[in-house]
Amino acid sequence: GAGVSQSPSNKVTEKGKDVELRCDPISGHTALYWYRQSLGQGLEFLIYFQGNSAPDKSGLPSDRFSAERTGGSVSTLTIQRTQQEDSAVYLCASSFGGPGDEQFFGPGTRLTVL
Amino acid sequence: QKEVEQNSGPLSVPEGAIASLNCTYSDRVSQSFFWYRQYSGKSPELIMSIYSNGDKEDGRFTAQLNKASQYVSLLIRDSQPSDSATYLCAVATGFQKLVFGTGTRLLVSP
């Protein structure tokens, strides 16, 4: 596939459980971004990876959220001790990593915390 | 003041008309500007990017940028019912994150 892929497409979990969301960027893209879209809210930046540089974590809403990117490719976003307010669509995007390069989004993971 | 502002709409236009979508941004050092289309239940799809003042055309779409006025717009000519979606304006500074407006919902009636 040529596009960004994400898994799972849907995740239902119970409050207090941990979840892992996966993103596989477009081949050749060095920059990877995580965003969140909640009902009634706009798209909210979470974290940004660029090559081997330290990630920009400025958008993570709490220390329950973390992300890693292994081998400069696949990324995993982990939410610990999920809360109902974590329910949202989590979107991953990738780009070639140059200033202002176009970002292309994956299909997203819809997370529902019961 | 929100960083990126859009009228939430809905903007209703008849089929074949021109739809005009507007966006203002607050950060004067913003350098890159994007329009995404988002259908209900789907992820954002990039339509246009624009980096310099003026117009940029791609098929039925024209993006317009005025950095002095901190204003970016998207014109859709010959609007089709399939254009009915939410249009998201996004602004970036350098390598950084995209900051999105809340989107304008466009309805094109047959």
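Basis for what follows: all heavy atoms, side chains included, without hydrogens, waters or symmetry-related copies. Per chain, numbering begins at 1; letters A, B, ... match sequence-line order. Since we're looking at a predicted model, the values are computed, not measured.
Taken together through direct or relayed side-chain contacts under 4.5 Å among Ile, Leu, Val, Met, Phe, Trp and Tyr, Val108(B) and Tyr87(B) form part of one hydrophobic cluster. In this structure, Phe104(A) is not a member of the same hydrophobic cluster as Leu32(A), with clusters built from ILVMFWY side-chain heavy atoms closer than 4.5 Å. Placement of Leu21(B) and Leu107(B) in two distinct hydrophobic clusters is found when ILVMFWY residues are connected by side-chain heavy-atom separations under 4.5 Å, directly or transitively. Under the 4.5 Å side-chain contact rule for hydrophobic residues, Leu111(A) and Trp34(A) share a cluster. Tyr48(A) and Tyr90(A) fall into different hydrophobic clusters, where Ile, Leu, Val, Met, Phe, Trp and Tyr residues are linked whenever their side-chain heavy atoms come under 4.5 Å apart, directly or through other members.
Partners of Thr104(B) under the side chain to side chain donor-acceptor pair (under 3.5 Å) rule, at least two apart in sequence or in another chain, do not exist in this structure.
Annotation: Leu114(A), atom CG; neighbour count of heavy atoms from other residues, nucleotides and ligands within 6.0 Å is above 12.
Residues of residues 47-82 of chain B lying under 4.5 angstrom from chain A, judged on non-hydrogen atoms, are Ser49(B), Tyr51(B) by number. Of all residues spanning residues 37-44 of chain B, those with a heavy atom less than 4.5 Å away from chain A's heavy atoms are Gln38(B), Ser43(B), Pro44(B), arranged by number.
Interface remark: Leu98(B) contributes backbone and side-chain atoms alike to the contact with chain A (heavy atom separation under 4.5 Å). When heavy atoms are compared at a cutoff of 4.5 Å, Leu43(A) approaches chain B by way of both its backbone and its side chain. With a 4.5 angstrom heavy-atom cutoff, Phe33(B) does not touch chain A via any of its atoms. Contacts between Gln37(A) and chain B at a heavy-atom distance below 4.5 Å involve the side chain alone, from C-beta outward.
Between Phe45(A) and Lys97(B), the closest heavy-atom pair is CD1-CB, 3.2 Å.
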Under 3.5 Å donor-acceptor pairs involving side-chain atoms of residues 12-26 of chain A, not counting sequence neighbours:
residue, atom, partner, partner atom, Å
Asp18(A), OD1, Arg81(A), N, 2.8

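Here the side chains of Glu102(A) and Phe34(B) are in contact, with some heavy-atom distance below 4.5 Å.
Tyr35(A) and Phe100(B) have their aromatic ring centers within a separation under 6.0 angstrom.
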